[in-house]
Number of protein chains: 2
Amino acid sequence: MPKLTEARRELRRDQIVQAARRCFVRTGMERTSVADITAESGLSAGSIYAHFTGKADIVRAVVQDSLDRRAELVAAFAASPHPPNPAQVILQLAAAADPDDARIALQALGEATTDPAIRDIVGTTIDRMHALFRASCEAWLVKSEGHAADAAAARATRLAGHLVAVFQSLLIQNAFPDGPGAVDATAVADLVAAQT
Amino acid sequence: MPKLTEARRELRRDQIVQAARRCFVRTGMERTSVADITAESGLSAGSIYAHFTGKADIVRAVVQDSLDRRAELVAAFAASPHPPNPAQVILQLAAAADPDDARIALQALGEATTDPAIRDIVGTTIDRMHALFRASCEAWLVKSEGHAADAAAARATRLAGHLVAVFQSLLIQNAFPDGPGAVDATAVADLVAAQT
DNA sequence: GTCTATACTACGATAGAC
DNA sequence: GTCTATCGTAGTATAGAC
């Protein structure tokens with residue numbers, strides 16, 4: 001029965017990841033030392049290196065975790081029995097804003113610029129989000145708007161592109177709450193709704 | 001006549017900034033050492049510290065330079081005797097894509113998350129871009145569409161918000177040429193044009 | 001598995017000659 | 001102003017006891 005020990009192992013990893021996440025939000029990925037992470041997690045260097053191969057490994061885990069969290073939010077839209085229309089999706093995304101997640105995501109985008117491993121995670125996550133938006137829009141077009149399946153698929157793909165773009169802009173805006181709020185979610189929602 | 005020497009001084013600074021820029025694009029802001037910058041610039045450590053107070057100072061200068069370059073591009077639109085309509089602005093922005101500038105900008109956004117000095121530069125630049133977009137749209141509404149001045153001002157502000165958002169999405173897309181192209185500039189242009 | 005202590009490296013910044 | 005050489009420090013990762 002290695003299940004129990006493996007579950008505990010995963011729990012420890014998560015403990016480290018969450019501590020690292022807090023450090024990254026406060027100090028930035030590159031400028032937090034593993035000493036910072038040990039202090040924040042309450043563990044020691046030896047313990048951490050027993051669960052991760054090195055700092056880069058921790059960074060990857062934190063980025064993956066944060067982006068997964070965001071994607072699951074979108075996945076919930078698509079799985080809903082009453083799929084929201086694109087305008088509602090935008091408003092819900094804006095409402096579900098978590099500044100910490102947004103900051104991690106922005107740092108990840110910056111890192112993706114030079115680090116292939118991070119770029120990979122970011123790239124596949126964007127792909128996944130696009131697919132999820134597509135699924136959500138398609139379900140809405142078919143179920144609520146009565147579109148034919150093939151016509152809905154084509155429209156959904158285009159709509160998903162817009163939603164990814166809006167999502168990215170909201171990301172920047174959410175990361176800086178006191179900053180210039182260029183994106184008016186309601187206005188964008190109206191814009192997208194008008195195209196329906 | 002300190003003019004000449006001051007010009008030469010500015011030239012040296014620019015030489016260092018451009019070398020640093022190349023390093024940042026290749027290796028990332030945090031991971032390039034000042035040794036890398038000296039090697040790339042052909043200068044020495046001593047010389048560099050005669051022109052900048054430290055690495056953070058160089059980073060600030062590079063970010064400021066890159067963002068200024070982008071803003072000037074937008075300023076040209078507003079100053080044009082025949083101001084482009086919003087859809088054209090989007091298409092021109094997409095056409096003028098420089099991957100290196102986009103990567104620097106993304107790294108800057110990531111840094112802005114934790115570094116107040118960079119956040120300041122990024123914030124004021126976004127404000128400036130918003131104002132420039134506003135001016136460009138207002139000029140277009142008045143000159144080409146015959147709107148009244150006060151009505152144009154209100155509409156221009158909203159349009160500028162959309163343009164900033166699209167600009168930010170294009171930034172992410174431009175930084176990863178082989179990545180998932182979520183934003184279809186033509187489609188977005190159509191969308192904005194439809195709202196006219 | 002977890003701790004403390006430490007080895008080794010790389011970096012930012014300065015000193016001093018020219 | 002620019003160079004070379006170097007100082008001090010901070011950081012990653014490991015060793016070895018428990």
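- Distance alone, capped at 3.5 Å, is enough to place a donor-acceptor pair between the Arg103(A) side chain and the Ala175(A) backbone.
- Between dG12(C), dA5(C), dT12(D), one nucleotide has an atom nearer to the side chain of Ala45(A) than all others, and that is dA5(C).
- Thr125(B) contributes a side-chain N or O that, together with a main-chain N or O of Ile121(B), makes up a donor-acceptor pair within less than 3.5 Å.
- A salt bridge links Arg128(B) and Asp68(B); the closest N-O separation between the charged side-chain nitrogens and carboxylate oxygens is under 4.0 Å.
- Using a 4.0 Å cutoff on non-hydrogen atoms, the parts of residues 10-30 of chain A near DNA chain C are Arg12(A), ordered by number.
- Rounded to an integer number of Å, the gap from Arg8(B) CZ to dT2(D) P is 9 Å.
- Nearest-nucleotide assignment on DNA chain D puts the 5′-proximal partner with Arg31(A), out of Arg31(A) and Gly46(A).
- Tracing side-chain contacts under 4.5 Å through hydrophobic residues (I, L, V, M, F, W, Y), one reaches Leu132(A) starting from Leu73(A); they form part of the same cluster.
- Straight-line distance from the CD1 atom of Ile58(B) to the C1' atom of dC11(C): 13 Å, rounded to whole Å.
- No donor-acceptor pair closer than 3.5 Å links the side chain of Lys143(B) to the backbone N or O of Glu138(B).
- The Arg9(B) side chain lies nearest to dG1(D) when the options are dG1(D), dC3(D), dT14(C).
- No donor-acceptor pair closer than 3.5 Å links the side chain of Ser80(A) to the backbone N or O of Ala76(A).
- Here dT2(D) presents its C1' atom at 15 Å from CZ of Phe52(B), a figure rounded to the nearest Å.
- The nucleotide whose nearest atom lies closest to any side-chain atom of His51(B) is, among dT14(C), dT2(D), dC3(C), dT2(D).
- Nucleic acid contact for Thr38(B): none, since no nucleic acid atom lies under 4.0 Å from a heavy atom of the residue.
- Side-chain proximity of Leu43(B) to the nucleotides dC3(D), dC3(C), dA13(C) is greatest for dC3(D).
- Distance check: Arg22(A) CZ to Thr32(A) OG1 gives 12.5 Å after rounding to the nearest 0.5 Å.
- Note on Ser33(A): only backbone sugar-phosphate atoms sit closer than 4.0 angstrom, heavy atoms only; bases stay farther off.
- At whole-Å resolution of the value, OH in Tyr49(B) and P in dC7(D) are 17 Å apart.
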